[in-house]
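As the structure lists them, so they are numbered: ligands from 1, and atoms in each ligand from 1.
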Amino acid sequence: MRWLDDPFHRPRAWAFLAVAAAISVASGWIFLDMHRPEPIVAGPGVTSQKMLSDWAPVLAGTAADTPVYVLEGAEPGGTVLLLGGTHAQEVAGMMAAVLTIENARPARGRVIVIPQANRSGFTHTDPMEGFPHRYEIDTPTGPRWFRVGMRLANPIDQWPDPDLHHHPQSGEGMVGSETRNLNRNFPGDLRGRFTARIAAAIVELVKAEGVDITLDMHEAYPEYPIIDMLVAHQRAFEVATITMIDLQMRGIQIDLMASPPALRGLSHRELGDHTHTLAILNETANAAMGRFRGRTDETLVTEGRDENYVRAAGLKRLFVPFTEAGHPLKERTARQLAVIEEMLIAYNEQAAPERQIEVADLPQYEEVSSEGIGKFLLAVN
Ligand SMILES: [Zn+2]
């Protein structure tokens with residue numbers, strides 16, 4: 001029997017069309033929804049809200065533009081820049097930035113916060129990795145939701161990838177997709193491709209605002225050697241060393257590594273080389289990013305518990321301790337906040353009196369790691 005003779009061929013075709021349409025609408029809705037940003041509330045210390053394009057107009061109206069929060073104290077002083085979301089799935093970096101925006105009140109100097117440095121990275125997830133798109137935190141005024149993204153800019157914003165990404169200033173070659181990695185594009189180029197423009201805009205901000213010290217907040221998988229660790233440019237090494245010692249004296253185990261001169265395009269290398277800022281990067285341990293992880297869901301992102309990692313720690317395959325308690329987001333965020341706090345204390349010890357930075361009401365390590373993040377998130381109205 002030819003298919004046209006089949007009396008059901010039309011209903012079957014319509015049924016197929018209906019199913020295809022339903023799948024297209026559902027996936028299209030998810031795709032569009034991933035471009036809707038989560039709410040971030042300006043706290044009592046925020047004195048102005050800007051966009052990165054205020055320092056680099058070429059970004060205006062593009063997906064490369066991203067909010068910048070300025071918290072200015074009553075007394076003049078120095079300026080610290082905090083970067084979250086350079087890599088959008090390294091959620092503790094963005095969360096520490098959000099808690100700073102919603103709670104901190106500088107008394108002297110300025111805190112400039114970019115919570116989603118590569119905002120495009122928040123609009124997609126790693127293909128084939130089964131990542132959740134978002135997670136929720138319970139707060140006294142109801143749940144708040146946040147995005148889980150990817151370490152690269154979204155290919156709809158920058159395409160195609162070259163076979164090799166050549167860091168333009170050094171000629172160093174890397175795998176082609178790294179062309180969309182903000183932390184391989186510094187110092188960037190305002191006339192370059194999408195991700196290079198974001199990097200260049202951040203450099204413009206650092207120069208224009210005379211940023212004295214910069215912290216770029218990251219996470220990595222527990223089997224990565226650079227974990228629970230600061231990475232510091234040579235001019236920032238003294239401040240980073242004192243930060244590390246003071247954190248260890250508080251019982252927070254952390255290590256320090258010098259920014260390798262040949263590793264190009266990274267914030268700690270290029271911001272340090274191309275501007276006057278002291279450039280430091282911090283890494284916490286996120287099990288949701290690792291190769292040993294099991295079920296990858298919202299709970300893994302927020303609770304950071306995984307049996308496989310407990311086993312891997314037993315086999316001495318990890319660079320951080322990993323027990324049944326895991327490394328929950330509240331602990332990782334608390335570590336990032338403790339680094340901000342101790343880094344500013346260490347910075348003030350060597351900074352000129354007119355460049356001091358004093359910040360009140362930064363959520364404390366002990367409180368965040370024991371009581372959780374929700375207590376420090378404001379109501380969205
Ligand atoms: Zn990272």
Inset, instruction - Indicate whether the side chain of H218 and that of E90 have a donor and an acceptor atom separated by less than 3.5 Å. - result: yes
For the Zn ion (ligand 1), find the closest N/O/S atom on [X] and give its atom name.
X: H218; value: ND1
X: E90; value: OE1
X: H87; value: ND1

Inset, instruction - Examine all N, O or S atoms of E283, backbone included, and report whether one is under 2.8 Å from the Zn ion (ligand 1). - result: no
Legend entry - Separation between CZ of R180 and CG of N185, rounded to the nearest 0.5 Å: 11.0 Å
Legend entry - Candidates R151, R335, R332 - the one meeting salt bridge (Lys or Arg N to Asp or Glu O under 4.0 Å) with E219: R332
Inset, instruction - Classify the ring geometry between Y309 and F292 as parallel (under 30°), tilted (30 to 60°) or perpendicular (over 60°). - result: tilted
